[in-house]
Amino acid sequence: MDVSVILSTYNATDWLEKVVWGYSVQSYRQFELIIADDGSMEETAQLIGQLRRKTGLDIRHVWHEDLGFRKCTILNRAVEAASGDYLIFSDGDCIPRWDFVARHVEAARPRCLLSGGCVRLPMAPSKRITVDDVVQRRATDPRWLYARGLRDRKWQLRLVSGRTLAQLLDALTTTRATWNGCNASTWKSHVVEINGYDERMGYGGLDRELGERLVNAGVRPIQVRFRAVLVHLDHARGYVRRDTWQANTALR
């Protein structure tokens, strides 16, 4: 299986650096990393060049001009650029646990999509995490995160679950398996079949909309929220607009 991991980003180099180092220590190594960049400034391109040299990862930078929020468009360009037949989607603010890619690959099935989630960190521990913490696997260690401000017990359960328990929890959870842009995967042919992301959509439900069309096309969702683990670094969301949410809801 040829795998492409697609990360979206926009002018968030501090977070992106930590995330890319997370992919440098993955147990499953046969993947390319595609950065889908929605118009970041030159600083991001410079960082990606440095990370390409330092991590040894196969990193491709797909960029377009900043003309406002066009995440759907740049994700489609990243899908077009992907050489893998299996695509894992995440964001440039989500640090993967060391087995993240391996869990997606193990759970992949024909005519299926995998639905994961993320452990959301408060701002304080998000800022405290260093590149060394990521490389040494501390950034996804529940005890280490607890000592630095993560207090929500339900998140800790996601982080401590062993393989057998995680698989059981995925089978038992009442959370519906949906396409979540920070943690989802499927075959490239399925994304192409439904014509990718709807480029008319701004922020708000754009990932769920893609998943709904995949399901309508006969792609079955599978839950992996306890097996494929990410920690989400906190940040401001100045791009959230009520009228865009309403327009997206109408499209869906």
Side-chain angles (χ1 to χ4, degrees), residues 3-26 29 31-66 68-79 81-82 84 87-98 100-101 104 116-140 145 180-185 197 203 206-207 228-240:
V3 178
S4 298
V5 177
I6 297 176
L7 304 179
S8 63
T9 192
Y10 175 72
N11 285 329
T13 51
D14 288 347
W15 281 187
L16 181 63
E17 181 178 21
K18 299 174 186 181
V19 170
V20 172
W21 278 104
Y23 286 95
S24 77
V25 294
Q26 290 293 298
R29 305 288 296 176
F31 65 91
E32 66 175 356
L33 190 62
I34 300 180
I35 311 296
D37 185 349
D38 192 14
S40 297
M41 294 183 289
E42 181 61 25
E43 182 183 3
T44 296
Q46 293 175 356
L47 172 66
I48 291 171
Q50 295 169 8
L51 291 171
R52 190 182 288 118
R53 293 189 297 272
K54 292 178 180 179
T55 65
L57 290 169
D58 179 9
I59 305 177
R60 304 177 68 180
H61 184 200
V62 179
W63 178 91
H64 62 190
E65 184 181 0
D66 185 359
F69 187 94
R70 294 192 294 152
K71 182 179 179 180
C72 288
T73 301
I74 199 61
L75 285 173
N76 282 340
R77 302 294 82 76
V79 170
L87 307 180
I88 301 173
F89 290 80
S90 189
D91 290 325
D93 53 14
C94 294
I95 299 173
R97 196 170 64 184
W98 60 270
F100 174 76
V101 175
H104 273 276
C118 61
V119 174
R120 297 187 179 275
L121 302 184
M123 184 61 77
S126 296
K127 289 182 174 180
R128 291 190 186 119
I129 292 173
T130 66
V131 166
D132 188 59
D133 294 329
V134 175
V135 172
Q136 299 301 322
R137 302 182 181 179
R138 292 188 291 267
T140 55
L145 289 169
N180 304 314
C182 66
N183 188 350
S185 65
Y197 283 85
Y203 179 82
L206 59 93
D207 299 305
V229 176
L230 297 164
V231 293
H232 185 288
L233 303 171
D234 197 15
H235 58 83
R237 292 172 176 81
Y239 43 77
V240 177

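For the pair Thr9/Val19, no side-chain contact is recorded, criterion being any heavy-atom separation below 4.5 Å from C-beta on. The shortest distance between side-chain heavy atoms of Arg29 and Tyr23 does not fall below 4.5 Å. Counting only heavy atoms from C-beta outward, the side chains of Tyr197 and Thr73 never approach each other to under 4.5 Å. In this structure, Tyr10 and Lys71 have side chains that are not in contact, with every pair of non-hydrogen atoms separated by 4.5 Å or more. Side-chain atoms of Asp234 and Arg120, non-hydrogen and from C-beta on, never get closer than 4.5 Å to each other. Inter-residue side-chain proximity for His64 and Asp38 is flagged as met; some heavy-atom pair is nearer than 4.5 Å. Here the side chains of Thr140 and Val229 are not in contact, with every heavy-atom distance at 4.5 Å or above. Residues Asn183 and Cys94 have side chains not in contact (no heavy-atom distance under 4.5 Å, counting atoms from C-beta outward).
For the residue pair Ala78 and Ala36, the shortest heavy atom distance occurs at CB-CB, 3.9 Å. Scanning all heavy atoms of the two residues, the minimum distance from Tyr203 to Leu206 falls at CA-CD2, 4.1 Å. Considering every non-hydrogen atom in both Pro125 and Leu121, the closest pair reads CG-CB, 4.4 Å. Considering every non-hydrogen atom in both Ala81 and Val62, the closest pair reads CB-CG2, 4.0 Å. Of all heavy-atom pairs between Gly84 and Ser4, the closest is N-OG, 2.9 Å. Closest heavy-atom contact between Ala139 and Ile129: CB-CG2, 3.9 Å.
Atom CZ of Phe31 is separated from atom CD1 of Ile6 by 13.0 Å, given to the nearest 0.5 angstrom. A distance of 7.0 Å separates CD of Glu65 from CZ of Arg70, quoted to the nearest 0.5 Å. Atom CG of Asn11 and atom CG of Asp37 lie 7.5 Å apart (nearest 0.5 Å). A distance of 6.5 Å separates CG in Asp93 from CG in Leu233, rounded to the nearest 0.5 Å. Residue Leu33 holds its CG atom at 8.0 Å from OG1 of Thr55, rounded to the nearest 0.5 Å.
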Sequence neighbours excluded and cut-off under 3.5 Å, please list the side-chain donor-acceptor pairs for residues 42-52, or say none.
unit_1, atom_1, unit_2, atom_2, d
Glu43, OE2, Thr13, OG1, 3.2
Arg52, NE, Ile59, O, 3.0
Arg52, NH2, Ile59, O, 3.2

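A donor-acceptor pair under 3.5 Å is absent between the side-chain atoms of Arg137 and the main chain of Trp98, judged by distance alone. Using modelled atom types, one side-chain atom of Lys18 and one backbone atom of Ser126 make a donor-acceptor pair closer than 3.5 Å. The backbone N or O of Gly92 lies less than 3.5 Å from no partner atom in the side chain of Trp15, so there is not a single donor-acceptor pair.
For Asp133, the salt bridge (Lys or Arg N to Asp or Glu O under 4.0 Å) partners at least two apart in sequence or on another chain are Arg138.
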Go through Val119 and Leu145 one step at a time and tell me if the side-chain contact (heavy atoms from CB on, under 4.5 Å) criterion holds.
CA-CA 11 Å; Val119 174; Leu145 289 169; 5.6 Å; no

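Inspection of the Asp91 and Ser8 side chains reveals an N or O donor paired with an N or O acceptor under 3.5 Å.
Each of Val134, Ile95, Leu57 was evaluated against Val20; a single residue qualifies, Leu57, per the side-chain contact (heavy atoms from CB on, under 4.5 Å) test.
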